[in-house]
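See below for the structure under consideration.
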Amino acid sequence: MIKACIFDLDGVIVDTAKYHFIAWKRLAAEFGYELTEAQNEKLKGVSRMGSLELLLEWAGVKKTEEEKFEMTERKNIWYRALIKEMDSSEILEGVMPFLENLKENKISFALGSASKNSNTILEQVGLSDCFEAVVDGNKTTRSKPDPQTFELGAEALHLKSEECIVFEDSQKGIEAALRGGFYAVGIGEEEVLSKAHLVIPNFIGLTFENIVEKLS
Ligand code: B16
Ligand code: MG
């Protein structure tokens with residue numbers, strides 16, 4: 001029986017990928033590399049350091065561990081300046097009614113994100129007190145596709161993985177959910193997220209009951 005939902009943040013609740021893109025692009029320009037939107041897609045759900053490592057690999061640039069740390073810190077300062085301008089209008093369409101529907105039906109829900117900035121983002125958009133548990137990059141030691149993020153989420157809700165639905169927009173996140181034994185619902189395009197149990201474009205017009213029906 002499905003008793004709870006675990007939501008990824010970037011790409012599911014809000015679209016912060018556009019801000020990550022601006023900040024990574026600025027960093028890449030420093031070593032003469034132009035990051036494309038298609039490459040930015042590949043950074044979705046990837047940790048901050050993992051993203052830098054991919055970027056350096058694409059650019060064919062080598063850096064020391066110290067330099068890499070400094071670069072991620074700088075990128076994060078630029079990124080934080082951008083997210084500090086966010087407000088509730090950036091919550092993706094359909095999300096608020098879906099969360100209201102969960103509350104009405106007394107269905108627990110948690111956040112499961114790779115971001116170490118999730119608390120700031122939740123505060124900016126007015127969702128700080130909304131989730132029963134928040135598992136983010138500050139609480140995990142293993143990145144998606146490892147299921148740790150969602151396992152900690154289920155644990156915080158005192159539930160088993162097979163009792164929870166994970167909503168994710170990235171392939172790595174879907175893989176993490178499947179590896180952990182969760183129901184995996186992809187938010188986005190079927191071709192990209194085909195491994196998920198179900199793919200929906202967004203939450204517009206959907207209820208918890210609709211999703212459970214589609215999964216059974
Ligand atoms: P930060 P999610 C992920 O968020 C983003 O999709 C990914 O692009 C980012 O690199 C990662 O968080 C780490 O973010 O630099 O804020 O710690 O999709 O897992 O909610
Ligand atoms: Mg995401």
Side-chain angles (χ1 to χ4, degrees), residues 5-28 35-58 68-86 90-92 95 109-125 127 130-131 133-153 166-177 180 182 184-189 192-193 196 199-203:
C5 297
I6 302 178
F7 297 89
D8 173 51
L9 180 60
D10 172 28
V12 172
I13 304 288
V14 289
D15 173 23
T16 41
K18 58 187 180 209
Y19 301 128
H20 283 296
F21 185 45
I22 295 171
W24 284 128
K25 220 173 145 59
R26 184 170 167 186
L27 191 79
L35 181 71
T36 65
E37 277 198 55
Q39 286 170 324
N40 191 56
E41 278 297 307
K42 296 196 176 127
L43 301 182
K44 286 186 177 176
V46 180
S47 70
R48 198 180 306 163
M49 187 54 85
S51 300
L52 176 67
E53 274 163 0
L54 276 177
L55 179 57
L56 292 174
E57 194 186 310
W58 294 331
K68 284 196 247 175
F69 177 74
E70 180 278 325
M71 289 167 99
T72 53
E73 288 289 293
R74 213 142 38 86
K75 179 265 173 180
N76 196 47
I77 291 171
W78 299 329
Y79 175 67
R80 285 187 61 82
L82 294 166
I83 59 173
K84 278 283 182 191
E85 299 295 316
M86 289 177 81
E90 297 210 33
I91 298 173
L92 294 172
V95 168
F109 55 95
L111 191 87
S113 165
S115 176
K116 291 184 174 171
N117 291 300
S118 64
N119 281 333
T120 306
I121 298 167
L122 292 178
E123 257 169 47
Q124 288 299 129
V125 303
L127 291 179
C130 187
F131 296 86
V134 172
V135 178
D136 66 10
N138 298 299
K139 294 185 181 156
T140 55
T141 51
R142 299 189 298 275
S143 318
K144 302 169 188 175
D146 187 285
Q148 189 192 33
T149 307
F150 303 130
E151 283 170 351
L152 291 177
V166 166
F167 293 93
E168 253 291 347
D169 70 313
S170 72
Q171 283 178 353
K172 284 201 165 55
I174 294 293
E175 197 184 324
F182 293 86
V185 176
I187 308 292
E189 290 170 23
V192 184
L193 305 170
V199 181
I200 53 174
N202 51 51
F203 289 101

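Order of listing sets the numbers, starting from 1, for every ligand and every atom in it. Since the model is a prediction, treat every value here as computed from it, not as a measurement. Throughout, residue positions are numbered sequentially from 1 according to the sequence presented. When reading the values below, keep in mind they use all heavy atoms of this one structure, side chains included, and skip hydrogens, waters and symmetry mates.
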statement: Check: of Thr120, Asn76, Val46, min heavy-atom distance to atom 7 (C) of ligand 1 comes from Val46
- request: Give a yes-or-no answer on whether the side chains of Lys75 and His20 include a donor-acceptor pair shorter than 3.5 Å.
  value: yes
statement: Atoms of ligand 1 under 4.0 Å from any heavy atom of Ser113, numbered from 1 in the order shown, are 2 (P), 4 (O), 19 (O), 20 (O)
task: Specify the protein heavy atom at minimum distance from atom 5 (C) of ligand 1: its residue, its atom name, and the distance to 0.1 Å.
output: Asp10 OD2, 3.3 Å
- prompt: atom 14 (O) of ligand 1: which protein heavy atom is closest, and how many Å away?
  reply: Ser115 CA, 3.4 Å
task: Under 4.0 Å from a heavy atom of Ser51: give me the atoms of ligand 1 that qualify, with their elements.
output: 10 (O)
message: Quick check: do Glu41 and Val192 have side-chain heavy atoms less than 4.5 Å from each other?
response: no
query: Are any of the side-chain heavy atoms of Lys84 and Arg80 separated by less than 4.5 Å?
result: yes
query: Is a side-chain donor or acceptor of Glu175 paired with a backbone partner of Pro145 at a separation under 3.5 angstrom?
result: no
- prompt: Name of the Asp10 N, O or S atom nearest the Mg ion (ligand 2)?
  reply: O
field: Heavy-atom donor-acceptor pair, Gln39 side chain to Leu55 backbone, under 3.5 Å
entry: no
field: the Mg ion (ligand 2) - closest N/O/S atom in Asp8
entry: OD2
message: Before you tell me yes or no, could you show the steps for Tyr19 and Tyr79 under ring pair (Phe, Tyr, Trp, His ring centres under 6.0 Å), namely the whole-Å CA-CA distance, both residues' side-chain angles and the distance that decides it to 0.1 Å?
response: CA-CA 6 Å; Tyr19 301 128; Tyr79 175 67; 7.1 Å; no
task: Looking only at distances, please establish whether an N/O atom of ligand 1 is found under 3.5 Å from an N/O atom of Asp8.
output: yes
- request: Check whether any N, O or S atom of Glu168 sits under 2.8 Å from the Mg ion (ligand 2).
  value: no
message: Please list, in number order, the atoms of ligand 1 under 4.0 Å from a heavy atom of Lys116.
response: 1 (P), 16 (O), 17 (O)
field: Which of the ligand 1 atoms, numbered from 1, are nearer than 4.0 Å to a heavy atom of Leu9
entry: 20 (O)
query: Do Gln124 side-chain atoms and Met86 backbone N/O form a donor-acceptor pair below 3.5 Å?
result: yes
query: What is the nearest protein non-hydrogen atom to atom 19 (O) of ligand 1, stated with its residue, atom name and distance?
result: Ala114 N, 2.7 Å
task: Mark up the atoms of ligand 1 that fall under 4.0 Å of a heavy atom belonging to Lys144, in ascending order.
output: 19 (O)
task: Find all atoms of ligand 1 within a distance of less than 4.0 Å from any non-hydrogen atom belonging to Gly45, and give their numbers and elements.
output: 5 (C), 6 (O), 7 (C), 8 (O)
Flag, side chain of Lys139 to backbone of Val134, donor-acceptor distance under 3.5 Å: yes
query: Considering only heavy atoms of Leu43, which atoms of ligand 1 have at least one such atom less than 4.0 Å away?
result: 7 (C), 8 (O)
task: Output the atom name for the N/O/S atom of Asp169 with the smallest distance to the Mg ion (ligand 2).
output: OD1
task: State whether the side chain of Glu168 and the backbone N or O of Ala184 hold a donor-acceptor pair below 3.5 Å, judged by distance alone.
output: no
message: Polar contacts were defined as any N/O atom of the residue lying under 3.5 Å from an N/O atom of the ligand; does this apply to Lys44 and ligand 1?
response: no
- request: Please report which non-hydrogen protein atom sits nearest to atom 15 (O) of ligand 1, along with the residue it belongs to and the distance in Å to one decimal place.
  value: Arg48 NE, 2.8 Å
Any Leu52 side-chain heavy atom under 4.5 Å of Leu27 side chain: yes
- request: State whether the shortest distance between N or O atoms of Trp24 and N or O atoms of ligand 1 falls below 3.5 angstrom.
  value: no
field: Donor-acceptor contact below 3.5 Å, side chain Asp136 vs main chain Ser113
entry: no
- request: Using distance alone, decide if ligand 1 has a nitrogen or oxygen within less than 3.5 Å of any nitrogen or oxygen in Glu168.
  value: no
task: Rounded to the nearest 0.5 Å, what's the gap from CG on Asp169 to CG on Leu9? Could you check?
output: 9.5 Å
message: Tell me whether Lys42 at atom NZ has more than 12 heavy atoms from other residues, nucleotides or ligands lying less than 6.0 Å away.
response: no
message: So if I count the atoms of ligand 1 from 1 in the order they appear, which ones are less than 4.0 Å from some heavy atom of Tyr79?
response: 16 (O)
